[in-house]
Amino acid sequence: MEADLNGLRRYELKYTVSESLAREIRDYIQPLFSLDKHASTEQRGYIVNNVYLDTPGLRFYHDTKFRQETRLKPRIRYYGAEPDQFIALEVKHRHNNISWKRRRQIPVHEWPGVLEVSKAEHMAPSFIDFPETFEEVNHLYCTAPVLHVRYFREPYVSDVDDYGRITFDRALRYRLAHGSCEIGGPDEDMIYYGDQATVQEEDAPVVLEIKTQAFVPFWAIELIRHFALVQRGYSKYCYVIDSCLENGYDALDLAR
């Protein structure tokens, strides 16, 4: 439910904080930030679904895990408990702490055909040096859905910048996709991330993200200093794949 961010380069910082600290930070930013207009004023947020795709060898996972300087990640995104009329095909590019997206909306009924076309064209010669679009990435790498992640996002937008965004992600849960084109699914089929099952407890972890244009404004520096925040490279995708590989899954099992 973000505005059209195609090509906008953003500086992204991620932190994991306790629920109690997240509430303190939310109160602290109120003079400069407003609740995102797409968020329910009653619930103060919305449900986000990301379906991550990867290669048979989990190339995009390894690029993120080992902090490849320049990397990308294809995914499908929709909002709410189930996909509605449209879904977004996204490629998230990243160079160090700077990221940008390429996003295109399609009717949900067209989704299975997108992968079928990509696989059919994969054997053809490719002349794409640097893939930008979802179709180009899947054409080059022959990807398949690996992981479906769902969470509740509480989003705030800056009242003083052209672009500034702070989000709090809670109740992270997931299911393995095993290459299936099915992108919906009830909560009963989802597994909570670690201690996220205790989402109401004071020490339940919350993923905090600070996103600005390609420079860090003064309010962000003061926020980080005031709460002594320590940055960590937290990836919702890598967290689950790490756990699966540690528990005996083979990469090919996850990507098919």
Side-chain angles (χ1 to χ4, degrees), residues 5-7 9-10 12 14 48-78 87-104 106 111-151 169 172 174-183 191 193 207 209 231-256:
L5 300 179
N6 274 330
R9 278 162 166 71
R10 307 189 299 182
E12 292 191 358
K14 292 185 180 182
V48 180
N49 288 270
N50 291 331
V51 179
Y52 295 95
L53 293 86
D54 213 327
T55 69
L58 301 180
R59 170 176 177 157
F60 305 134
Y61 157 76
H62 287 102
D63 282 353
T64 302
K65 174 76 174 176
F66 297 107
R67 307 288 182 88
Q68 185 71 24
E69 187 178 54
T70 300
R71 56 188 186 267
L72 58 83
K73 191 181 298 175
R75 68 188 184 192
I76 302 148
R77 172 169 283 194
Y78 66 89
I87 60 173
L89 307 179
E90 294 186 347
V91 179
K92 185 172 183 179
H93 298 271
R94 190 176 184 92
H95 181 78
N96 293 328
N97 283 328
I98 305 297
S99 71
W100 63 99
K101 292 180 185 177
R102 294 293 180 188
R103 170 188 286 188
R104 183 171 72 88
I106 62 168
W111 156 238
V114 172
L115 275 190
E116 290 173 9
V117 170
S118 295
K119 290 177 180 177
E121 293 180 348
H122 180 67
M123 298 306 294
S126 172
F127 301 99
I128 304 170
D129 293 325
F130 185 75
E132 285 281 348
T133 69
F134 188 91
E135 287 83 358
E136 288 173 348
V137 170
N138 286 284
H139 168 68
L140 278 180
Y141 297 110
C142 196
T143 65
V146 171
L147 183 70
H148 178 180
V149 174
R150 178 176 294 162
Y151 51 92
D169 294 340
L172 275 72
Y174 71 91
R175 68 174 180 85
L176 297 177
H178 293 298
S180 170
C181 288
E182 176 56 53
I183 57 174
I191 301 169
Y193 279 47
V207 179
E209 295 188 20
Q231 187 180 0
R232 60 173 296 190
Y234 187 92
S235 165
K236 299 180 180 76
Y237 178 52
C238 283
Y239 180 97
V240 176
I241 302 304
D242 281 345
S243 178
C244 289
L245 295 176
E246 288 169 5
N247 283 285
Y249 275 89
D250 182 85
L252 289 176
D253 292 333
L254 295 171
R256 66 185 177 191

Worked verdict on Leu53 versus Phe134 for side chain to side chain contact (heavy atoms under 4.5 Å, CB included)
CA-CA 10 Å; Leu53 293 86; Phe134 188 91; 4.0 Å; yes
Going from NZ on Lys14 to CD on Glu209, what distance comes out if it is rounded to the nearest 0.5 angstrom?
4.5 Å
Look at the side chain of Trp111 and the backbone N and O of Cys181, then say whether any donor-acceptor pair between them is shorter than 3.5 Å.
yes
Would you say the side chain of Leu147 lies within less than 4.5 Å of the side chain of Val51, judging by non-hydrogen atoms?
no
Those residues that, when tested against Tyr237, pass ring-ring contact (aromatic ring centres under 6.0 Å, His included) (two or more places apart):
Tyr52
Tyr151 and Lys236, any side-chain heavy atoms less than 4.5 Å apart
yes
Using the test salt bridge (Lys or Arg N to Asp or Glu O under 4.0 Å), find all partners of Arg71 that sit at least two apart in sequence or belong to another chain.
none
Side-chain contact test, heavy atoms from C-beta onward, threshold under 4.5 Å: evaluate it for Thr133 versus Val91 and give yes or no.
no
On a heavy-atom basis, the closest approach of Ala144 and Gly179 is CB-CA, 4.1 Å
pair Leu72-Pro131: side-chain heavy atoms closer than 4.5 Å:
yes
If you look only at pairs with a residue in residues 51-60, which of them pass as a salt bridge (Lys or Arg N to Asp or Glu O under 4.0 Å), with sequence neighbours excluded?
Arg59-Asp63
With the side chain counted from C-beta on, respond yes when Arg67 and Glu69 share a heavy-atom pair under 4.5 Å apart, and no when they do not.
no
Single hit among Glu132, Glu136, His93 for side-chain hydrogen bond (donor to acceptor under 3.5 Å, both in side chains) with Arg102
Glu132
Do Lys92 and Ser99 have side chains that approach each other closer than 4.5 Å (heavy atoms only, starting at C-beta)?
yes
Testing the 3.5 Å rule here: is there a donor-acceptor pair between the side chains of Asp242 and Tyr61?
yes
For Ser235, check side chain to side chain donor-acceptor pair (under 3.5 Å) against everything at least two apart and list the hits.
none
From CA spacing to verdict: side chain to side chain contact (heavy atoms under 4.5 Å, CB included), Cys142, Thr55:
CA-CA 6 Å; Cys142 196; Thr55 69; over 6 Å; no
Please name all residues satisfying ring-ring contact (aromatic ring centres under 6.0 Å, His included) with Tyr234, sequence neighbours left out, ordered by chain then number.
Tyr239
Distance-only donor-acceptor check, side chains Asn49 and His148, under 3.5 Å:
yes
For the atom pair CD1 (Ile106) and CG (Leu89), what is the distance rounded to the nearest 0.5 Å?
4.0 Å
Got Val146 and His178 here, is their nearest side-chain heavy-atom distance under 4.5 Å?
no
Who pairs with Arg94 by salt bridge (Lys or Arg N to Asp or Glu O under 4.0 Å), at least two apart in sequence or on another chain?
Glu12
Apply ring-ring contact (aromatic ring centres under 6.0 Å, His included) to Tyr174 and list each qualifying residue two or more places apart in sequence or on a separate chain.
Tyr193
Going by side chain to side chain contact (heavy atoms under 4.5 Å, CB included), name the residues that satisfy it together with Gln231, two or more places apart in sequence or in a different chain.
Leu13, Tyr15, Asn97
Sequence-distant partners of His62, side chain to side chain donor-acceptor pair (under 3.5 Å), two or more places apart:
none
Quick one: CG on Asp169 to CZ on Arg150, what's the gap to the nearest 0.5 Å?
14.5 Å
